[in-house]
Amino acid sequence: DAPVAPLAGPHVAVRGGQFHLDHAQPRLATVRLWIGAKEIDAELCLTRTQISTGLMFRPGIKDDETMLFVFPQAQQVAFYMKNVGFEIDAAYIDSAGVIQQIVRLKKMDETPVPSTSNDIQFVLETAPGWFERNGIGVGSLVKATRKTLREQFGLK
């Protein structure tokens, strides 16, 4: 579930450099999110290492576990599943907090899945089918602690 350069900026191994850990990262700090009436807690990936490692090396993802990737500016992103042995769904979310695209990422598939938009600032990863089971789709607004995502993280 790592973003790939150059589409996702400097958040992944580029030309031999490695930014991800070689083991599962410990549970990260969380933020409370609201998507419509649904309330969830998402682990936060804020640093280059956290973003590059994501769910790598973890044994799986439960239905109530989510991970939010926060990028410093809006951009086109592309995620793939290096060292992730289970499928996930990922919502590509624009700078206004609106879901633009939901993609299924296949286990251990290192083929990048790019966003169709150049205005992606957040990515929310969930268990496969989570968005559909919760009636959440493209166009849904994601808020954090009743603020916009950009306000929550002090982004411009």
Side-chain angles (χ1 to χ4, degrees), residues 1-21 25 28-36 38 40-56 61 65-84 86-132 134-156:
D1 71 304
V4 73
L7 298 176
H11 303 290
V12 115
V14 181
R15 293 185 186 89
Q18 177 176 310
F19 300 124
H20 66 79
L21 299 174
Q25 58 188 336
L28 302 169
T30 62
V31 64
R32 172 101 4 123
L33 299 177
W34 283 264
I35 310 173
K38 184 69 178 172
I40 59 171
D41 290 319
E43 287 185 73
L44 281 172
C45 290
L46 301 171
T47 69
R48 178 180 294 201
T49 298
Q50 290 169 343
I51 289 170
S52 296
T53 306
L55 292 167
M56 285 185 186
I61 187 168
E65 293 177 327
T66 62
M67 186 172 275
L68 181 69
F69 296 76
V70 179
F71 296 95
Q73 67 275 332
Q75 59 193 303
Q76 184 179 33
V77 300
F79 275 47
Y80 65 89
M81 297 290 279
K82 181 176 183 173
N83 300 317
V84 181
F86 49 92
E87 291 189 348
I88 61 168
D89 283 351
Y92 293 156
I93 303 167
D94 69 15
S95 58
V98 177
I99 296 174
Q100 295 298 312
Q101 185 179 359
I102 299 172
V103 297
R104 172 72 46 93
L105 300 175
K106 305 290 183 190
K107 66 181 180 177
M108 304 304 276
D109 185 350
E110 294 187 36
T111 306
V113 179
S115 61
T116 55
S117 170
N118 292 325
D119 186 32
I120 303 303
Q121 195 157 15
F122 311 94
V123 176
L124 181 64
E125 293 184 340
T126 69
W130 184 90
F131 293 102
E132 185 177 344
N134 287 284
I136 297 167
V138 171
S140 296
L141 178 64
V142 182
K143 290 187 161 194
T145 318
R146 302 295 185 194
K147 298 178 184 179
T148 68
L149 292 177
R150 291 173 74 196
E151 290 169 341
Q152 178 71 29
F153 299 105
L155 302 169
K156 295 183 179 186

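What's counted below: heavy atoms across the whole structure, side chains too, no hydrogens, waters or symmetry copies. Quick caveat: nothing in here was measured; it's all calculated off a predicted structure.
From I35, atom CD1 reaches atom CG of N134 across 8.0 Å, with rounding to the nearest 0.5 Å. In this structure, OH in Y80 is found 11.5 Å from CE in M108, a value given to the nearest 0.5 Å. Interatomic distance, CD of E87 versus CE of M81, reported as 7.5 Å (0.5 Å rounding). Interatomic distance, CG of L46 versus CZ of F153, reported as 6.0 Å (0.5 Å rounding).
Side-chain contact between K38 and S140: absent, with no pair of heavy atoms (C-beta onward) separated by less than 4.5 Å. Under the 4.5 Å side-chain criterion, counting only non-hydrogen atoms from C-beta, T30 is not in contact with T66. Contact annotation: the side chain of L155 approaches that of F122 to within less than 4.5 Å [non-hydrogen atoms, C-beta and beyond]. Looking at I136 and W130, their side chains come closer than 4.5 Å, going by heavy atoms from C-beta outward. At least one side-chain heavy atom of T126 sits under 4.5 Å from a side-chain heavy atom of F131.
Aromatic ring pairs are classed by plane angle as parallel below 30°, tilted from 30° to 60° and perpendicular above 60°; the pair F79 and F69 is perpendicular.
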Can you give each donor-acceptor pair under 3.5 Å made by side-chain atoms of residues 98-106, sequence neighbours left out, with the distance rounded to 0.1 Å?
| from | atom 1 | to | atom 2 | distance (Å) |
| --- | --- | --- | --- | --- |
| Q100 | NE2 | D94 | OD2 | 2.8 |
| Q101 | OE1 | T116 | N | 2.8 |
| Q101 | OE1 | T116 | OG1 | 3.3 |
| R104 | NE | D89 | OD1 | 2.3 |
| R104 | NH2 | D89 | OD1 | 3.3 |
| R104 | NH2 | D89 | OD2 | 3.3 |

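Pairs passing the salt bridge (Lys or Arg N to Asp or Glu O under 4.0 Å) check and including a residue from residues 107-123, sequence neighbours excluded, do not occur.
Residues passing the salt bridge (Lys or Arg N to Asp or Glu O under 4.0 Å) test with E43 are R27, R58, sequence neighbours excluded. For N118, there are no side-chain hydrogen bond (donor to acceptor under 3.5 Å, both in side chains) partners, not counting sequence neighbours. Residues that satisfy the salt bridge (Lys or Arg N to Asp or Glu O under 4.0 Å) test with D41, not counting sequence neighbours, are R32.
Between the side chain of T47 and the backbone N or O of Q50, at least one donor-acceptor pair lies under 3.5 Å. In this structure, the side chain of E151 engages the main chain of T148 through a donor-acceptor pair within 3.5 Å. Remark: side-chain polar atoms of Q121 are not paired, donor with acceptor, to backbone N or O of I93 under 3.5 angstrom.
The shortest heavy-atom contact between V31 and A144 is CG2-CB, 4.0 Å. Across every non-hydrogen atom of L149 and G97, the tightest pair is CD1-CA, 4.2 Å. Between A96 and L141, the closest heavy-atom pair is O-CD1, 3.5 Å. Across every non-hydrogen atom of C45 and Q25, the tightest pair is SG-NE2, 4.2 Å.
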